[in-house]
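Okay, so here's the structure we're looking at.
Side chains are part of it too, since the values below use all heavy atoms of this structure and drop only hydrogens, waters and symmetry mates.
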Amino acid sequence: MDAWVRFSAQSQARERLCRAAQYACSLLGHALQKHGASPELQKQIRQLEGHLSLGRKLLRLGNSADALESAKRAVHLSDVVLRFCITVSHLNRALYFACDNVLWAGKSGLAPRVDQEKWAQRSFRYYLFSLIMNLSRDAYEIRLLMEQESSACSRRLKGSGGGVPGGIETAGPGSPGTPGGLPQLALKLQLQVLLLARVLRGHPPLLLDVVRNACDLFIPLDKLGLWRCGPGIVGLCGLVSSILSILTLICPWLRLKP
């Protein structure tokens, strides 16, 4: 209960709840349309989704300043790759939020002459660049952890005097049941997959960040017309990423750092 009280007191938490509800409405609207629900019900769901989207934009006013402050902190990271990926990601998020604020002003009637389609496209482009940087950062951290795990496995093997990392036994050319032996490339690939699974299993914050960013990636790809996924996939991916974001707010240890 204490964790929920702390969570609900955060403005970021309220925005995440609105986001989850918005994409749940998108998914529900797609399901209703697919199953032939009444047009009136579909219209109500679309209106609710639009109201939630507008409410989220209101809650995100000022987030550009937070993103710029995060970019300033990321500039001082010692790792060059992390410094570049995180800083560029935050800068793109700042531009994304700025475009989002302009969209809010247009949709709320404060700036009726705003070209909403143009600003929406700009906002999704910055969002896409930010997600690409986030996934690049995830890939870099995965590579570092896989190298560390591989070195640790090699040291353990030298100490024990044999075996293969990941518990895979390789068969020689004359082994029964494997006439030509396991191809070396296939064996290496299998070991890499097992190593990747071990790394992700041992680092839940990194696993959650990868899944969340991968789900979010479908949203700008669809909105920009680069890869049409449909409202059902967009709604499902947005709902999953929103739930994971809420989870990282309730359990701060699941948030990837820095």
Side-chain angles (χ1 to χ4, degrees), residues 11-27 29-30 46-72 74 84-138 209 212-246 248-249:
S11 60
Q12 190 180 15
R14 290 191 287 271
E15 190 272 334
R16 299 292 170 84
L17 286 173
C18 283
R19 186 179 193 266
Q22 176 191 343
Y23 284 109
C25 286
S26 176
L27 184 60
H30 174 72
R46 285 196 299 269
Q47 287 176 344
L48 177 58
E49 182 184 352
H51 292 324
L52 288 168
S53 176
L54 190 61
R56 282 184 58 215
K57 286 176 170 51
L58 178 61
L59 290 171
R60 287 194 302 219
L61 290 176
N63 278 12
S64 290
D66 292 338
L68 288 174
E69 192 63 30
S70 298
K72 284 172 59 179
F84 173 78
C85 290
I86 297 175
T87 303
V88 173
S89 173
H90 284 310
L91 290 175
N92 276 282
R93 282 177 61 80
L95 292 170
Y96 162 66
F97 287 132
C99 293
D100 207 53
N101 294 340
V102 174
L103 280 170
W104 174 81
K107 290 185 176 181
S108 62
L110 295 176
R113 295 185 179 180
V114 167
D115 187 340
Q116 295 189 24
E117 181 62 28
K118 181 179 72 174
W119 282 97
Q121 291 293 303
R122 286 178 179 172
S123 114
F124 281 118
R125 278 198 293 270
Y126 291 128
Y127 186 32
L128 178 60
F129 293 151
S130 175
L131 290 173
I132 290 173
M133 287 295 102
N134 289 342
L135 286 169
S136 300
R137 175 257 184 102
D138 292 338
D209 199 65
R212 183 169 58 86
N213 287 321
C215 288
D216 280 337
L217 193 65
F218 288 96
I219 300 170
L221 288 177
D222 181 80
K223 300 297 184 182
L224 293 171
L226 300 175
W227 187 9
R228 292 295 184 186
C229 311
I233 298 297
V234 169
L236 178 61
C237 290
L239 180 59
V240 170
S241 67
S242 300
I243 292 172
L244 293 179
S245 296
I246 291 170
T248 59
L249 290 176

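To the nearest 0.5 Å, atom CD of residue Glu49 and atom OG of residue Ser26 are 4.5 Å apart. We find the CZ-OG distance between Arg19 and Ser245 to be 6.0 Å, quoted to the nearest 0.5 Å. Rounding to the nearest 0.5 Å gives a distance of 9.5 Å between CG of Leu131 and CG of Asn92. Rounded to the nearest 0.5 Å, atoms CE (Met133) and OG1 (Thr87) are 11.0 Å apart. Note that the OH atom of Tyr126 and the CG atom of Asp100 stand 13.5 Å from one another [nearest 0.5 Å]. Atom CG of residue Leu103 and atom OG of residue Ser108 lie 10.5 Å apart, to the nearest 0.5 angstrom.
No donor-acceptor pair under 3.5 Å is formed between the side chain of Ser123 and the backbone N or O of Cys99. At least one donor-acceptor pair under 3.5 Å links the side chain of Ser64 to the backbone N or O of Ala94.
Between Tyr96 and Tyr127, the ring planes lie parallel to each other; the angle is under 30°, not in the 30° to 60° tilted range.
Minimum heavy-atom separation, Leu236 to Leu27: N-CD1, 4.1 Å. Summarising the geometry of Ala24 relative to Leu239, their closest heavy-atom pair is CB-CD1, 4.2 Å, with the distance given to 0.1 Å. Taking each heavy atom of Leu54 and Lys107 in turn, the nearest pair found is CD1-CB, 3.7 Å. Considering all non-hydrogen atoms of both residues, Gln121 and Leu224 come closest at OE1-CD2, 3.3 Å. When all heavy atoms of Ala13 and Leu249 are compared, the pair lying nearest together is CA-CD1, 3.8 Å. Phe218 and Cys237 make their closest contact through CD1-SG, 3.6 Å (heavy atoms, listed as atom of the first residue, atom of the second, distance).
Taking the side chain as every heavy atom from C-beta outward, Asp222 and Ile233 never approach each other to under 4.5 Å. Two residues are said to be in side-chain contact when any heavy atoms from C-beta on lie closer than 4.5 Å; Leu226 and Leu128 meet this criterion.
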Practice problem: May I have the step-by-step check of side chain to side chain contact (heavy atoms under 4.5 Å, CB included) for Leu91 and Leu68, ending in yes or no? | Solution: CA-CA 6 Å; Leu91 290 175; Leu68 288 174; 3.9 Å; yes
Quiz prompt | Verdict with supporting geometry, Ser242 and Arg16, side chain to side chain contact (heavy atoms under 4.5 Å, CB included) | solution = CA-CA 6 Å; Ser242 300; Arg16 299 292 170 84; 5.9 Å; no
Quiz prompt | Residue pair Phe124, Ile219: steps toward the side chain to side chain contact (heavy atoms under 4.5 Å, CB included) verdict | solution = CA-CA 8 Å; Phe124 281 118; Ile219 300 170; 4.2 Å; yes
Self-check item: Leu217/Leu135 under side chain to side chain contact (heavy atoms under 4.5 Å, CB included): CA gap, chis, key distance, verdict
Solution: CA-CA 9 Å; Leu217 193 65; Leu135 286 169; 3.9 Å; yes
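Judged purely by distance below 3.5 Å, without hydrogens or angles, the side chains of Arg93 and Ser130 never pair a donor atom with an acceptor atom.
Across Leu110, Val114, Leu59, a single residue satisfies side chain to side chain contact (heavy atoms under 4.5 Å, CB included) together with Trp104, and that is Leu110.
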